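Atoms considered below: every heavy atom in the structure, side chains included; atoms not considered: hydrogens, waters and symmetry mates. Keep in mind it's a predicted model, so treat the numbers as computed, not measured.
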Amino acid sequence: MSTPYPFTAVVGQSDLRLALLLNAVSPAVGGVLVRGEKGTAKSTAVRALSALLPQVDVVPGCRFSCAPGAPDPACPDGPHDPGPGAARPARMVELPVGASEDRLVGALDIERALAEGVKAFEPGLLADAHRGILYVDEVNLLHDHLIDLLLDAAAMGASYVEREGVSVRHAARFLLVGTMNPEEGELRPQLLDRFGLTVEVAASREPAQRVEVVRRRLAYEDDPAGFASRWADDEREVRARVVAARALLPKVVLGDTSLLRIAATCAGFEVDGMRADIVMARTATALAAWAGRTEVRKEDVRQAALLALPHRRRRNPFDAPGLDEDKLDEILDRFPDDEPEPDPEPEPRGPDDEGDGPDDGPDGGGQRPPQDGAPDQAAEAPPAEPEPEPRPGTDSPEPARAGAPADSPADSPASGAPEQAPVRAAEPFRTKVLSVPGLGEGAAGRRSRARTAHGRTTGSQRPRGQLTKLHLAATVQAAAPHQKARGRSGRGLVVRKDDLRQATREGREGNLVLFLVDASGSMAARQRMGAVKGAVLSLLLDAYQRRDKVGLITFRGRTAELALPPTSSVDAAAARLEQLPTGGRTPLAAGLLKAHEVLRIERLRDPSRRPLLVVVTDGRATSADALGGDPRELSGRSARMLAAQGLTSVVVDCETGPVRLGLAGALAADLGGPAVTLDGLRADSLAGLVKNVRTASDSSRRAA
């Protein structure tokens with residue numbers, strides 16, 4: 001086993017270390033979610049935490065880590081006889097993103113269960129993590145069905161395995177720690193709320209601290225054992241402090257004033273549910289014990305709020321986590337202490353805050369987690385003045401300049417002359433689902449029909465590889481005719497491997513939703529572009545809820561640009577959309593060809609994920625300089641090429657005003673999909689659109 005990197009040798013990241021240590025002191029806090037960019041020691045710090053946890057006493061030979069003094073009465077290895085326990089280090093179990101359901105919850109030997117009638121159960125990772133740490137790296141990329149199992153186990157403290165009439169239950173209480181890069185997608189709100197604390201981490205911008213990070217890492221890689229021995233004294237000191245804080249924890253008093261501060265803070269920030277209040281109370285108590293005190297103070301409540309509330313205040317996936325600290329202080333000051341508190345002594349907030357290393361500096365010690373995106377920090381943009389609609393057949397809302405050539409360099413995005421500043425998006429609204437017709441086999445999601453590991457059973461087949469979902473009736477039917485030939489004499493059914501049948505199930509999959517957005521001058525009227533961005537933002541929110549990957553292509557001037565390669569991060573797409581400038585001519589054909597190129601590459605990377613193209617435009621095509629030829633003819637040919645490949649598409653018609661050319665409808669016909677207006681995207685006026693998508697797509701395939 002390789003020597004782990006010492007926890008106390010992590011440079012900086014004091015808030016991350018504090019949150020982890022508070023959970024070591026009080027596992028009831030509920031775990032930690034660590035959010036931040038790659039390369040910020042998230043995984044290193046989490047993996048090092050297990051060395052600081054006290055040892056646990058377990059029943060010898062129990063695969064489910066039962067405590068000798070209070071064994072689980074339903075333990076599959078029980079009942080346990082009274083006796084002394086065996087001490088072992090607390091485990092840290094890692095759940096890989098690609099793990100199977102059987103690996104997480106355990107697996108049953110189906111052949112023995114059918115033939116012998118016994119519960120032959122092999123424990124999974126949830127059993128291994130009982131009374132320890134369950135660590136999920138890149139937790140935001142975990143499959144939905146595994147997240148559901150985690151939610152159930154975290155809520156009930158037990159894991160239930162139900163397979164074809166065979167039931168197993170065992171205790172599963174663990175400290176849940178997850179790390180994630182927000183650029184790769186956000187977590188479901190249900191799982192987000194299960195994490196007690198959250199911490200935002202970022203790489204230091206101080207050269208001296210970055211130098212120390214490199215120095216320590218190189219020293220560790222050259223001699224892991226020698227490096228760990230140099231930090232052994234610091235590790236023992238922090239481990240002893242964790243043990244002392246655990247012993248002090250039951251003696252800490254959470255007074256009425258502190259409870260009022262906690263309740264008022266959660267109410268003031270409009271946090272849903274009561275879990276935040278409970279987590280704040282436990283965190284404030286753990287902070288007092290960590291500081292060696294027996295009473296909770298105002299600064300403990302403040303710190304607890306900064307760790308426990310930011311991720312619970314998000315109303316949609318585009319909200320940045322954070323708290324208004326001025327508002328927090330105002331709420332806390334409403335409840336003065338009954339008597340003045342003594343001046344607080346300098347409290348060590350982390351294992352290296354004693355001034356013995358280069359990482360003791362401006363970010364030392366758990367003052368507060370880094371916050372970004374506080375609601376009051378962004379200045380409200382002034383309301384945009386309405387601009388005139390473009391003249392029919394043109395791309396500019398302003399009169400053409402006398403003497404300017406039809407395609408002057410001023411029309412190029414590089415020149416910047418006609419470019420307008422980004423416009424704020426209108427309020428998003430609820431949309432109805434746009435789905436891809438047919439039956440796919442992509443990643444689990446909530447958009448289109450697909451064969452999945454979960455869902456309703458639709459049939460059976462011979463297993464391809466390892467059996468995961470037994471179809472009992474089909475298995476019995478396959479084995480029954482051969483019982484006499486196999487010499488069956490007892491009650492058990494003689495089942496062989498060839499008899500086993502895999503259940504086929506139908507559920508929902510996530511798709512690749514590729515947005516192709518017209519950012520030319522014909523879309524530049526501010527009122528229209530705000531509505532367009534609001535519509536795309538609404539579709540992005542829908543894609544987030546349905547577990548899709550999204551991509552964003554924009555076209556204006558002379559070319560099309562891949563503004564965001566396909567990703568699971570809907571947040572990133574929303575940020576690129578908000579910064580989108582407009583102006584210039586309309587290279588519609590270039591945009592369609594760019595979409596073809598992106599989809600071709602994605603088909604090679606992920607062939608099972610089916611695409612849905614959403615074209616947001618008024619249908620004008622006025623530029624084909626990069627391709628040559630008539631712009632409208634080229635755009636029509638490009639659209640028909642995409643339709644011939646069986647691509648499902650929807651055109652969002654952005655044309656407004658009394659004079660309408662109907663060009664978006666013609667584009668939709670070439671693409672073989674429906675056209676819908678901006679108003680028609682709303683859920684209350686979108687009835688029948690899914691049917692139209694399927695009908696148009698089927699018609700285009702028959703025509704092809």
Side-chain angles (χ1 to χ4, degrees), residues 38 95-101 136-147 180-188 317 433-455 464-466 468 504-516 539-540 542-553 560-574 576 591-615 641-650 671 673 693 697 701:
K38 53 187 176 294
L95 173 61
V97 170
S100 66
E101 180 180 338
V136 188
D137 193 14
E138 305 294 351
V139 64
N140 50 328
L141 303 183
L142 202 63
H143 289 297
D144 271 9
H145 69 286
L146 296 182
I147 289 179
M180 60 174 282
N181 184 349
E183 293 179 356
E184 297 171 341
E186 280 294 345
L187 278 176
R188 290 169 53 185
V433 61
L434 308 175
S435 65
V436 179
L439 193 63
E441 295 183 348
R446 294 183 176 180
R447 185 172 294 277
S448 304
R449 294 174 55 229
R451 297 184 183 92
T452 59
H454 295 266
R464 294 177 291 182
Q466 184 179 4
T468 56
T504 58
R505 299 173 183 260
E506 182 178 312
R508 294 279 171 179
E509 67 177 358
N511 298 108
L512 167 60
V513 182
L514 182 61
F515 292 93
L516 180 59
L539 292 168
L540 284 172
D542 181 70
Y544 164 78
Q545 295 168 341
R546 301 188 185 280
R547 316 292 178 258
D548 295 318
K549 289 179 69 175
V550 297
L552 177 63
I553 297 174
E561 176 189 3
L562 180 59
L564 181 71
T567 175
S568 298
S569 177
V570 177
D571 296 41
R576 302 290 172 87
L592 294 169
L593 292 177
K594 189 68 173 180
H596 174 268
E597 177 188 350
V598 171
L599 293 175
R600 178 183 62 82
I601 295 173
E602 284 301 307
R603 194 174 294 116
L604 297 175
R605 290 176 177 170
D606 191 356
S608 63
R609 189 180 289 269
R610 297 185 296 164
L612 171 65
L613 179 65
V614 179
V615 186
M641 177 185 66
L642 289 170
Q645 297 175 352
L647 176 67
T648 302
S649 60
V650 177
L671 285 169
V693 172
S697 299
R701 289 191 181 94

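In terms of heavy atoms, R609 sits closest to R547 at NH1-O, 4.0 Å. Between L439 and A450, the closest heavy-atom pair is CD1-N, 3.5 Å. Nearest heavy-atom pair, V436 versus P611, reported as atom, atom and distance to 0.1 Å: CG2-O, 3.6 Å. Nearest approach of L512 to G551, heavy atoms of both residues: CD1-N, 4.5 Å. Minimum heavy-atom separation, I147 to L142: CD1-O, 3.6 Å. The heavy-atom pair separating A543 from V550 by the smallest distance is CB-CG1, 3.6 Å.
Between R447 and D542 a salt bridge is recorded (basic side-chain N to carboxylate O distance below 4.0 Å). Using a 4.0 Å cut-off between a side-chain N of Lys or Arg and a carboxylate O of Asp or Glu, E602 and R605 qualify as a salt bridge.
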* To do: Check the pair T648, L434 against side chain to side chain contact (heavy atoms under 4.5 Å, CB included), reporting the backbone distance first and the verdict last.
  => CA-CA 10 Å; T648 302; L434 308 175; over 6 Å; no

* **side chain to side chain contact (heavy atoms under 4.5 Å, CB included) assessment of L540 paired with F515** => CA-CA 9 Å; L540 284 172; F515 292 93; 3.5 Å; yes

* side chain to side chain contact (heavy atoms under 4.5 Å, CB included) between L516 and K594, intermediate numbers included -> CA-CA 9 Å; L516 180 59; K594 189 68 173 180; 5.8 Å; no

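Rounding to the nearest 0.5 angstrom, the gap separating the CZ atom in R610 from the CD atom in E441 is 9.5 Å. With rounding to the nearest 0.5 Å, the separation of CZ in R576 from CD in E561 is 9.0 Å. Remark: E138 CD to L95 CG distance equals 12.5 Å, nearest 0.5 Å. Expressed to the nearest 0.5 Å, how far CZ of R449 lies from CD of E509 amounts to 10.5 Å. Of the inter-residue distances, the one linking T567 atom OG1 with L552 atom CG reads 12.0 Å to the nearest 0.5 angstrom. The CD1 atom of I601 sits 14.0 Å away from the CG atom of D606 when rounded to the nearest 0.5 Å.
Side-chain contact check for T504 versus R451: every heavy-atom pair is 4.5 Å or farther apart. In this structure, the side chains of L539 and V513 stay at 4.5 Å or more apart for every pair of heavy atoms.
Listed for the N511 side chain is no donor-acceptor partner under 3.5 Å among the backbone atoms of D548.
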